[in-house]
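The chains referred to below are lettered A, B, ... by the order of the sequence lines, with proteins before strands, and numbering in each begins at 1. The figures here come from the full heavy-atom set of this structure, side chains too, leaving out hydrogens, waters and symmetry mates.
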2 protein chains.
Amino acid sequence: MAHPGAESIRSDDAMKQQPAFEPVRPVRLYERIVDQVETAIASGELVPGQRLPSERELVVQFGTSRATVREALRVLESNGLVRSRPGDPNGPEILPFTSGGLRKQLHRLARTEELTLAQLLVSRMMLDATANRLAAVLRTDAELAGMEAAIDRMRDSVDLGFEAFSEADVAFHEAVAVASGNTMIQVSNAVVRDTVLSLVAGKLAHARNSKTLMRRSLEHHEQVLDAIRAGDGPAAARASTQSLYDYYAGYVSAAERRTLQALLDG
Amino acid sequence: MAHPGAESIRSDDAMKQQPAFEPVRPVRLYERIVDQVETAIASGELVPGQRLPSERELVVQFGTSRATVREALRVLESNGLVRSRPGDPNGPEILPFTSGGLRKQLHRLARTEELTLAQLLVSRMMLDATANRLAAVLRTDAELAGMEAAIDRMRDSVDLGFEAFSEADVAFHEAVAVASGNTMIQVSNAVVRDTVLSLVAGKLAHARNSKTLMRRSLEHHEQVLDAIRAGDGPAAARASTQSLYDYYAGYVSAAERRTLQALLDG
DNA sequence: TCCAGCCACCGGTCTGACCAGTGGACTTTT
DNA sequence: AAAAGTCCACTGGTCAGACCGGTGGCTGGA
């Protein structure tokens, strides 16, 4: 069984009485620096746009060597908290929060775990359905116009080839995700979509009947858009789920297809 | 509008013809090392449990100084990909995937209001609904028994206090997530659940009517289990969504509550 | 065969150095 | 006085070499 992320803490054998000791990990110096800076940022003591002292100044403040300070900065940088630029006399910059880190980790999850295409499709259907459901209720007029524009581009792209069509398709789904107002859904959906596309890359483009596929997909998307325009969340969700199923179901086994079908009905 | 993670690539002003230049960021040496190792891990060339050469050996292979190699290792380490232990003659170890990084990023976003409780609840309702829907169809008898055991523990815990109840509650949801057969949903759900709990920590436990809450939650969970046992996915999804709504809706604003309600109907 | 001790090697940290680039201060020009 | 150009202190990126405490495979003795 592979259940990552499900760490069990208590050992279930005989624990006498008092102990409950925790394993102690050696704490490296650079980790303490990272902790201090992270805490300062989390508490608002350091605010995006603000600058950290220069590395050499930090060396003095933390009382370590520059190598140690730099290791800490590299970690903070890779976590998207700060950015260093060579030559900048103002020192490293505190960055505003972005979902970039989330995206990176999700991407790793999607790549590292043995995620089958079917599993990814389930995720995609789930995310898209929810995004549509929310977008139908929450979308602004501007966002609706953006979706309409994307669909227009899809319509124009049917004769331009799969590449352009797919791009407009992605733009539509992205617009819906944004309109859902949910960062988690938006980021997850983007990651999963990317991964799915990379898995079926080529297959769709070289399908014999690709123009037919595109036309049918376009119809489905128009249904979705209509439902969103009408504010009918459940209908939008239903249509989008059906659309994804029709588009991709051919690429999974019969058994997996049955799993996908479980998500279809209302 | 705050939609981080939605980077626009094309500038929409007059681009003459050919260019389409991309901004070039200076690539530090340590980043290239990180890339190489990440790629090797992603491609399966490096497998969890396997060891990296020692730092001094990497210095030779990459043709850089030890400081540079170490910065790369610190980044990889902070991303949960490898672990170095001083004195270990086998070198840094390639780690199996964990959800720790995901959890960290989610917590960070939640702390900075980039991800509100309402948004997390939407995600949770979505994930749980889908997990239940799938579990109703895919669950094995053993998995069903596990769910029943968890519910029994919940029932026994009503009088034992919130802590124990919550633990059994988590166990039930985890069992459902496992039964869904979808790693993505399982991990995401665990992480989101964890974050939600940390946000409402204490509030639930100290609620005046906590025993009433627990009893109602128990009823909801029994409904969910019944639906799963009956193989009725949609009903299980509906019941679980309603359960989460009832449990948490009191902690979000009226406007946000309306968003959550959009997920309730069939 | 098994155990204790050794020692080569590991990672963590430090010191000190060099380089190309940045951007504010300063000077010159308009 | 404002704008343009120049300069240079200081920055981050990288390197070389060193020391330390600790680890674990190897080896020799019981």
Side-chain angles (χ1 to χ4, degrees), chain A residues 21-38 40-41 46 48-96, chain B residues 21-38 40-41 46 48-96:
Chain A
F21 292 134
E22 287 184 11
V24 281
R25 240 185 352 117
V27 177
R28 269 77 56 95
L29 287 185
Y30 86 88
E31 289 185 344
R32 293 200 231 178
I33 298 181
V34 169
D35 281 348
Q36 282 197 44
V37 177
E38 274 186 344
I41 293 179
L46 285 174
Q50 207 170 334
R51 300 310 188 95
L52 240 40
S54 75
E55 293 181 0
R56 287 167 176 85
E57 173 60 29
L58 290 173
V59 163
V60 176
Q61 292 191 24
F62 287 117
T64 68
S65 72
R66 189 143 91 95
T68 302
V69 167
R70 282 180 57 78
E71 288 181 16
L73 285 176
R74 292 296 78 78
V75 169
L76 291 168
E77 193 158 0
S78 104
N79 284 9
L81 292 175
V82 308
R83 179 185 51 186
S84 299
R85 277 183 320 144
D88 190 337
N90 296 319
E93 182 183 359
I94 309 290
L95 260 31
Chain B
F21 292 134
E22 287 183 9
V24 282
R25 233 183 2 115
V27 176
R28 268 78 54 98
L29 288 185
Y30 86 88
E31 291 184 6
R32 294 199 231 178
I33 299 182
V34 169
D35 280 349
Q36 283 197 44
V37 177
E38 276 187 343
I41 294 179
L46 285 174
Q50 207 169 334
R51 300 311 186 94
L52 242 36
S54 75
E55 292 183 3
R56 287 165 175 87
E57 173 59 29
L58 290 174
V59 163
V60 175
Q61 292 192 23
F62 286 115
T64 68
S65 72
R66 190 145 91 95
T68 301
V69 167
R70 281 180 58 79
E71 288 181 17
L73 285 176
R74 292 296 78 76
V75 168
L76 290 168
E77 192 157 0
S78 101
N79 284 7
L81 291 176
V82 308
R83 179 184 49 188
S84 299
R85 276 184 320 142
D88 189 336
N90 297 319
E93 183 182 359
I94 309 290
L95 261 31

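The distance from atom CG of A:Leu52 to atom CG of A:Leu81, rounded to the nearest 0.5 Å, is 10.5 Å. Between atom CD1 of residue B:Ile33 and atom CZ of residue B:Arg70 there is a gap of 12.5 Å, rounded to the nearest 0.5 Å. The distance from atom CD of A:Glu38 to atom CD of A:Glu31, rounded to the nearest 0.5 Å, is 10.5 Å. The line from OG1 of A:Thr64 to CG of A:Leu58 is 8.5 Å long, rounded to the nearest 0.5 Å.
Taking atom CG on B:Asp88 and atom C1' on C:dC10, their separation rounds to 8 Å, with Å as the unit. Atom pair A:Glu71:CD and D:dG13:C1' shows a separation of 14 Å (rounding to whole Å applied). Residue A:Glu77 contributes atom CD, which lies 11 Å from atom P of D:dG12 at whole-angstrom precision. Distance A:Asn90 CG to D:dG12 C1': 13 Å, rounded to the nearest Å. Between A:Arg70 atom CZ and D:dT11 atom P there is a gap of 13 Å when expressed in whole angstrom units. Atom-to-atom, CZ of B:Arg25 to P of C:dG21 comes out at 17 Å; the value is rounded to the nearest Å. Distance, B:Leu52 CG to C:dC10 P: 13 Å, rounded to whole Å. Protein atom CD of A:Glu57 is 11 Å distant from nucleotide atom P of D:dG12, rounded to whole Å.
Between A:Pro89 and A:Ala67, the residue anchored nearer the 5' end of DNA chain C, judged by the nucleotide with its closest heavy atom, is A:Ala67. Both A:Gly87 and B:Pro86 sit near DNA chain D, but only A:Gly87 has its closest nucleotide nearer the 5' end.
Ion pairing between a basic and an acidic side chain is recognised when a charged N comes within 4.0 Å of a carboxylate O; B:Glu71 and B:Arg74 show no such pairing.
Taking 4.5 Å as the limit, every side-chain heavy atom of A:Val75 sits out of range of all side-chain heavy atoms of B:Asn79. Contact of the A:Glu77 side chain with the B:Arg28 side chain is registered, since non-hydrogen atoms from C-beta on lie closer than 4.5 Å.
Listed candidates were C:dG11, C:dC18, D:dC15. Nearest to the side chain of A:Arg56 is C:dC18. Among the nucleotides D:dT14, D:dG12, C:dT22, the one closest to any side-chain atom of A:Glu55 is D:dG12.
An OP1 or OP2 oxygen of C:dC10 is reached within less than 4.0 angstrom by no side-chain nitrogen or oxygen of B:Ser84. In terms of phosphate contacts, B:Ser54 brings a side-chain nitrogen or oxygen within less than 4.0 Å of OP1 or OP2 of C:dC10.
Nucleic acid contact for B:Arg66: base, since at least one base atom lies under 4.0 Å from a heavy atom of the residue. At the heavy-atom level, A:Arg83 lies nowhere under 4.0 Å from the strands shown. Within the 4.0 angstrom heavy-atom criterion, no nucleotide atom of any strand lies near A:Pro26. In this structure, B:Arg51 reaches neither bases nor backbone, as no heavy-atom distance under 4.0 Å exists between it and the strands shown.
Residues of residues 27-36 of chain A that place a heavy atom closer than 4.0 Å to DNA chain D do not occur.
Side-chain atoms of B:Arg85 and base atoms of D:dG22 include no donor and acceptor less than 3.5 Å apart.
Considering all non-hydrogen atoms of both residues, A:Val59 and A:Arg66 come closest at CG2-CA, 3.4 Å.
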